[in-house]
Amino acid sequence: MQSTEANQRIARISAHLHPSNHQMEESSILKRAECRAKGGAPGFKVAILGAAGGIGQPLSLLMKMNPLVSVLHLYDVVNTPGVTADISHMDTGAVVKGFLGQQQLESALTGMDLIIIPAGVPRKPGMTRDDLFNINAGIVKTICEGIAKCCPNAIVNLISNPVNSTVPIAAEVFKKAGTYDPKKLLGVTMLDVVRANTFVAEVLGVDPRDVDVPVVGGHAGVTILPLLSQVKPPCSFTAEETEYLTKRIQDGGTEVVQAKAGAGSATLSMAYAAVKFADACLRGLRGDAGIVECAFVSSAVTELPFFASKVRLGRAGAEEIYQLGPLNEYERVGLEKAKKELAASIQKGISFIRK
Ligand SMILES: NC(=O)C1=CN([C@@H]2O[C@H](COP(=O)(O)OP(=O)(O)OC[C@H]3O[C@@H](n4cnc5c(N)ncnc54)[C@H](O)[C@@H]3O)[C@@H](O)[C@H]2O)C=CC1
Ligand SMILES: O=C([O-])CC(=O)C(=O)O
């Protein structure tokens, strides 16, 4: 190597690493990495909002490992320089860039294909998800205003609780901005499916990877409705097993909140579930056929404006929303209970923006 060329390379690297020129600035190395991502490595651009949190950090780690991701933007109101520096050392393809504070929200969002939102406060023992509304509603509103402005065509995976209200909030923000595409707004209920698969597999004594349990309705207490009559592979449960499984799946979040005893709610299993769901969205965006997962979406499956059920993911987002299929008596009763609570939570979200 010519000595001038070597000196230039070293200068570029030290400019990148020097504290005064750190991650948050456009360094030439980073620009070249982004060019590589744009030109060479095919893939999608993904932003995680709330990336420094309990879910955000393992979610960022797992998305950095996803071969479908070429650019990964990590945004939070705290600690993103450290998380970004750390994750950027992983020798996987995605180019990572950090964004700190609201003044960098727009840069974090611009050009993104998929936005994953785990921003917001988690529960402590004794709280319901709805108790998070007052703080998280405002956080989701601000973030969604940014999305409407900077990446209105991106797919949005909304994790922040209470999902039954934050999804309607996001929809109202997008409607107000004139950018609402119902196919692209997905409330993440994947953790309910992950838990249902695990608990059902335990009862059946099989590998959870071989089990598929549809979970419909919403993402809080009785609104979480596992359809145990539709488990694949086909199987049957006693009334006692049905009662035990339904309750355990509905209370899965509370089980973790209580075990963490004040230190938050599910983060690691949620990061796993979020990545499973985001990967399905990216495969849909790529044009893969037959990608079906449960999500809380704008829906005509019931009389409610939003409902979680199986959806087919494609280039446009949730391209098809499946009907619930035949329900047994236990599930029909559960559905009525779920709809009653869901209706109130959805209205609460809508009213927060329309007030
Ligand atoms: N949909 C689901 O199945 C699940 C949802 N959750 C929800 O996910 C949310 C996050 O949970 P954790 O990661 O455990 O909480 P956490 O408190 O550990 O992390 C949240 C992160 O959001 C950041 N944040 C706060 N305001 C922000 C803003 N305006 N913009 C960007 N980032 C902001 C915080 O700085 C923090 O780093 C909670 O609302 C929780 O209830 C949790 C588990 C499952
Ligand atoms: O329970 C909580 O607060 C977090 C959550 O949504 C879950 O773990 O399902």
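Computed from heavy atoms alone, side chains included, the values below leave out hydrogens, waters and symmetry copies. Just follow the structure's listing: the first ligand is 1, and inside any ligand the first atom is 1. Note that the coordinates shown come from a computational prediction; the quantities given were computed from them, not determined experimentally.
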Any heavy atom of [X] closer to ligand 1 than 4.0 angstrom?
X: Pro118; answer: yes
X: Val78; answer: yes
X: Arg123; answer: no

Short side-chain donor-acceptor distance under 3.5 Å, [Y] and [X]:
X: Arg129; Y: Ser265; value: no
X: Ser229; Y: Glu331; value: yes
X: Thr223; Y: Asn164; value: yes

Looking only at the aromatic ring of each residue, does the gap between the centers of Phe133 and Phe352 stay below 6.0 angstrom?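 Yes; Phe133 has its ring centre under 6.0 Å from that of Phe352.
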If you take the centroid of each ring, where Trp contributes its six-membered ring, are Phe296 and His219 closer together than 6.0 Å?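 Judged by ring-centre distance (under 6.0 Å), His219 and Phe296 do not meet the cut-off.
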For [X], counting its heavy atoms only, list the atoms of ligand 1 lying under 4.0 Å from any of them.
X: Ala266; answer: 42 (C), 43 (C)
X: Tyr75; answer: 30 (N), 31 (C)
X: Asn136; answer: 39 (O)
X: Thr267; answer: 14 (O)

Heavy atoms only, cut-off 4.0 Å: how does Asn161 contact ligand 2, side chain, backbone, both, or neither?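 Asn161 to ligand 2: side-chain contact only, backbone stays beyond 4.0 Å.
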How does Leu132 reach ligand 2, if at all, at less than 4.0 Å between non-hydrogen atoms: by side chain, backbone, both, or neither?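 No part of Leu132 is near ligand 2 at this cut-off.
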Polar-atom distance check: Leu158 versus ligand 1, any N or O pair below 3.5 Å?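 Not met; the criterion fails.
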Min N/O separation Asp76 to ligand 1 under 3.5 Å: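 Min N/O separation from ligand 1 is below 3.5 Å for Asp76.
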Write out the residue and atom name of the closest protein heavy atom to [atom], then the distance separating them to 0.1 Å.
atom: atom 44 (C) of ligand 1; result: Met270 SD, 3.2 Å
atom: atom 26 (N) of ligand 1; result: Ile139 CD1, 3.4 Å
atom: atom 33 (C) of ligand 1; result: Ala119 CB, 3.6 Å
atom: atom 3 (O) of ligand 1; result: His219 NE2, 3.0 Å
atom: atom 18 (O) of ligand 1; result: Gly54 N, 2.7 Å
atom: atom 19 (O) of ligand 1; result: Gly53 CA, 3.2 Å
atom: atom 8 (O) of ligand 1; result: Ile55 CD1, 3.4 Å

If you apply the rule salt bridge (Lys or Arg N to Asp or Glu O under 4.0 Å), what do you find for Glu320 with Lys310, and how did you get there? CA-CA 9 Å; Glu320 191 177 356; Lys310 284 201 167 183; over 6 Å; no
Please determine whether the number of non-hydrogen atoms from other residues, nucleotides or ligands lying under 6.0 Å from atom [atom1] of [X] exceeds 12.
X: Gln103; atom1: CD; value: yes
X: Tyr330; atom1: OH; value: yes
X: Arg209; atom1: CZ; value: no
X: Met65; atom1: CE; value: no

Can Phe307 and Leu324 be said to form a side chain to side chain contact (heavy atoms under 4.5 Å, CB included), step by step? CA-CA 11 Å; Phe307 200 80; Leu324 300 185; 3.9 Å; yes
Would Glu319 and Lys183 count as a salt bridge (Lys or Arg N to Asp or Glu O under 4.0 Å) if you check the C-alpha gap in whole Å, the side-chain angles of each, and the deciding distance to 0.1 Å? CA-CA 6 Å; Glu319 293 183 344; Lys183 293 195 204 65; over 6 Å; no
[atom]: which of [options] has the nearest heavy atom?
atom: atom 39 (O) of ligand 1; options: Leu100, Leu132, Val121; value: Val121
atom: atom 6 (N) of ligand 1; options: Leu191, Asn161, Val163; value: Asn161
atom: atom 5 (C) of ligand 1; options: Thr189, Ile159, Val188, Val77; value: Ile159
atom: atom 20 (C) of ligand 1; options: Pro122, Gly50, Gly120; value: Gly120
atom: atom 6 (O) of ligand 2; options: His219, Arg195, Met127; value: His219

Can you name the atoms of ligand 2, numbered from 1 with element, that are less than 4.0 Å from a heavy atom of [X]?
X: Gly253; result: 1 (O), 7 (C), 8 (O), 9 (O)
X: Ala266; result: 8 (O)
X: Arg123; result: 1 (O), 2 (C), 3 (O)

Would you check, one step at a time, whether the test salt bridge (Lys or Arg N to Asp or Glu O under 4.0 Å) holds for Arg312 with Glu293? CA-CA 7 Å; Arg312 184 176 51 75; Glu293 298 293 351; over 6 Å; no
Applying salt bridge (Lys or Arg N to Asp or Glu O under 4.0 Å), run through Glu145 and Lys176 and close with a yes or a no. CA-CA 9 Å; Glu145 285 166 349; Lys176 230 175 166 176; over 6 Å; no
How does Met190 reach ligand 1, if at all, at less than 4.0 Å between non-hydrogen atoms: by side chain, backbone, both, or neither?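 It is neither part, as no heavy atom is under 4.0 Å.
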If every non-hydrogen atom of Ser60 is compared with every non-hydrogen atom of Ile87, which pair is closest and at what distance?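 Nearest pair, atom of Ser60 first, then Ile87: CB-CD1, 3.4 Å.
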Out of Lys355, Arg354, Lys141, Lys348, which residue meets the salt bridge (charged side-chain N to carboxylate O under 4.0 Å, His left out) rule with Glu172?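 Filter result, single survivor: Arg354.
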Arg129 N/O under 3.5 Å from ligand 2 N/O: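 Yes, Arg129 has an N/O under 3.5 Å of an N/O on ligand 2.
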